[in-house]
Amino acid sequence: MKALSSPLALSLGEPAGIGPDIVLAAWLRREELRLPPFFVTGDPACLAARAEHLGLVLDIAEIAPQDAAVAFSGALPVVPAGPAVTAAPGRPDVSSGPAAQAAIDAAVALVHNGRARAIVTNPIAKSVLYANGFPFPGHTEYLAHLCGEPAPRPVMMIWSPELAVIPATIHVPIAEVPRLLTVELLVETGRIAAADLIRRFGVAAPRIALCGLNPHAGEDGTIGREDEEITRPAVAALRALGIDARGPLPADTLFHAAARRSYDVVIGAYHDQVLAPVKTLAFDTGVNVTLGLPFVRTSPDHGTAFDIAGTGRANPSSLIEAIRLADRLAGAGARAEAA
């Protein structure tokens with residue numbers, strides 16, 4: 001079990017993106033916001049160069065993970081990992097992919113050996129990683145792979161105080177969604193979501209709403225059969241497992257304030273169906289949480305933003321919320337294991 005006093009590990013992310021900017025901004029506000037101690041995995045020189053580029057005055061300390069909590073008050077602690085970064089802000093180069101991947105590898109290794117109690121990952125650029133031979137669909141799948149065999153089934157949840165959502169299918173074309181949406185997929189997603197809501201979020205009896213695929217949730221099969229043949233049987237199967245699941249529910253009436261009080265999370269059929277509402281309600285404060293992993297992983301709910309990297313215009317709010325949520329969830333998980 002990881003000690004509650006262990007720091008959080010923040011991976012650097014794509015070094016040419018806004019990851020370095022928002023890490024520096026978050027650390028500079030650590031006292032004002034009472035942030036928990038954290039360290040960064042990656043190239044210390046990259047962070048120092050970005051701080052100089054932005055005109056920020058701060059110390060960066062290359063440390064061993066066990067020294068992070070002590071160093072945190074006076075310097076941004078960095079555990080060196082990966083190659084030296086040569087990329088300029090907004091201009092990824094051949095160093096970007098290996099540097100981003102090595103930072104993730106280091107953070108996962110440190111959480112596995114108890115040197116960190118949770119991971120907060122900064123945004124990566126999948127196209128940059130793909131150019132370096134990265135064989136995984138994305139960040140989340142790679143994290144699951146690093147857990148060893150058999151790899152856990154990760155579930156992406158976007159969480160905010162206003163709304164929490166899970167897309168059952170993620171980065172796939174809309175035309176593929178009806179084929180990929182199955183009873184088994186929805187049941188497994190709901191089961192993983194319920195387990196982590198109990199263990200990590202402290203929700204005693206999670207209420208899960210399943211969103212219909214079709215307009216008006218199919219209107220009893222008159223607007224497509226998917227909701228009658230896939231979503232409704234999945235709800236029944238989840239309820240048979242003792243999970244408070246309901247649906248299929250129409251997307252157009254599921255996200256207003258009164259409806260949101262009736263559930264803890266929505267599982268949607270496809271990406272934009274549920275991410276559009278949560279980003280409308282909590283664009284700057286939404287957090288990407290990976291459920292189903294043996295450790296806590298959160299991430300800002302935005303990308304690398306190459307166009308504003310190094311300009312001083314990057315908003316650290318989502319990273320700050322990701323740090324706070326990782327601290328909360330890791331603490332809840334440790335207490336549950338000790339009980």
Side-chain angles (χ1 to χ4, degrees), residues 140-141 144 150-160 162-278 281 288-294 336:
T140 299
E141 293 83 1
R153 157 82 156 82
V155 168
M156 183 180 86
M157 178 169 74
I158 305 300
W159 178 91
S160 73
E162 295 83 6
L163 175 65
V165 303
I166 294 171
T169 64
I170 306 178
H171 300 127
V172 299
I174 290 291
E176 292 292 307
V177 172
R179 180 182 65 81
L180 296 172
L181 199 68
T182 65
V183 174
E184 293 75 18
L185 174 64
L186 290 176
V187 171
E188 186 178 25
T189 301
R191 180 184 58 77
I192 293 169
D196 267 18
L197 283 170
I198 293 169
R199 179 187 176 198
R200 302 287 190 195
F201 286 82
V203 179
R207 301 164 300 165
I208 300 177
L210 275 76
C211 192
L213 169 67
N214 296 302
H216 301 179
E219 284 201 4
D220 298 322
T222 61
I223 309 177
R225 296 292 307 167
E226 291 87 356
D227 293 308
E228 293 303 308
E229 296 175 359
I230 299 171
T231 314
R232 196 176 299 281
V235 169
L238 286 167
R239 294 186 70 84
L241 294 173
I243 296 170
D244 182 0
R246 55 198 72 175
L249 299 169
D252 63 347
T253 58
L254 193 52
F255 299 104
H256 63 83
R260 296 199 304 272
R261 290 192 289 271
S262 70
Y263 54 76
D264 298 297
V265 66
V266 171
I267 297 176
Y270 57 93
H271 185 277
D272 287 10
Q273 183 182 50
V274 289
L275 265 68
V278 74
L281 291 166
N288 183 350
V289 186
T290 304
L291 310 179
L293 298 178

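Numbers here are sequence positions counted from 1. The model shown is predicted, which means the values in this text are computed figures rather than measured ones. Any value given below was found using the heavy atoms of this structure, including those in side chains, with hydrogens, waters and symmetry copies removed.
Rounding to the nearest 0.5 Å gives a distance of 11.5 Å between OG1 of T290 and CD1 of I192. Here the straight-line distance linking atom CD1 of I166 with atom CG of L197 works out to 7.0 Å at 0.5 Å rounding. Put simply, CG on L238 and CD1 on I267 are 7.0 Å apart, with the number rounded to the nearest 0.5 Å. Considering CG of L186 and CG of L181, their distance stands at 4.5 Å, rounded to 0.5 Å. If you take CD on E141 and CD1 on I170, they are separated by 6.5 Å, rounding to the nearest 0.5 Å. Atom OG1 of T189 sits about 11.0 Å away from atom CD of E184, to the nearest 0.5 Å.
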Would you list the atom pairs, donor with acceptor, under 3.5 Å between side chains in residues 247-254 and any protein atom, with sequence neighbours excluded?
none

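In terms of heavy-atom proximity, I243 sits nearest to G190 at CD1-O, 4.3 Å. Pairing each heavy atom of L291 with each of A193, the nearest pair is CD1-CA, 3.8 Å. A151 and A144 get closest at one heavy-atom pair: CB-O, 3.7 Å. Listed here is the closest heavy atom pair of P178 and L213: CG-CD2, 4.4 Å. Contact record, T231 with C211: CG2-O, 4.3 Å, taken as the closest heavy-atom pair. Of all the heavy atoms in P206 and D244, the pair that sits closest is O-CB, 3.4 Å.
A side-chain donor-acceptor contact under 3.5 Å links R239 to the backbone of A245. Side-chain atoms of D227 come within 3.5 Å of backbone N or O of N214 as a donor-acceptor pair. No donor-acceptor pair under 3.5 Å is formed between the side chain of T140 and the backbone N or O of V155.
Annotation: salt bridge (charged side-chain N to carboxylate O under 4.0 Å, His left out) contacts of E229 (sequence neighbours excluded): R225. By the salt bridge (charged side-chain N to carboxylate O under 4.0 Å, His left out) test, E226 pairs with no residue at all, sequence neighbours left out. When the ring-ring contact (aromatic ring centres under 6.0 Å, His included) test is applied to H256, no partner is found at least two apart in sequence or on another chain.
Annotation: side-chain hydrogen bond (donor to acceptor under 3.5 Å, both in side chains) contacts involving residues 257-273, sequence neighbours excluded, comprise R207-D264. Sorted by first and then second residue, the salt bridge (Lys or Arg N to Asp or Glu O under 4.0 Å) pairs involving residues 164-181 (not counting sequence neighbours) are E176-R179.
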Fill in: side-chain contact (heavy atoms from CB on, under 4.5 Å) between V278 and F255, intermediate numbers included
CA-CA 9 Å; V278 74; F255 299 104; over 6 Å; no
Practice prompt. Check step by step if side-chain contact (heavy atoms from CB on, under 4.5 Å) holds for R153 and L185.
Written response: CA-CA 11 Å; R153 157 82 156 82; L185 174 64; 2.9 Å; yes
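The side-chain heavy atoms of V165 and P277, taken from C-beta on, include no pair separated by under 4.5 Å.
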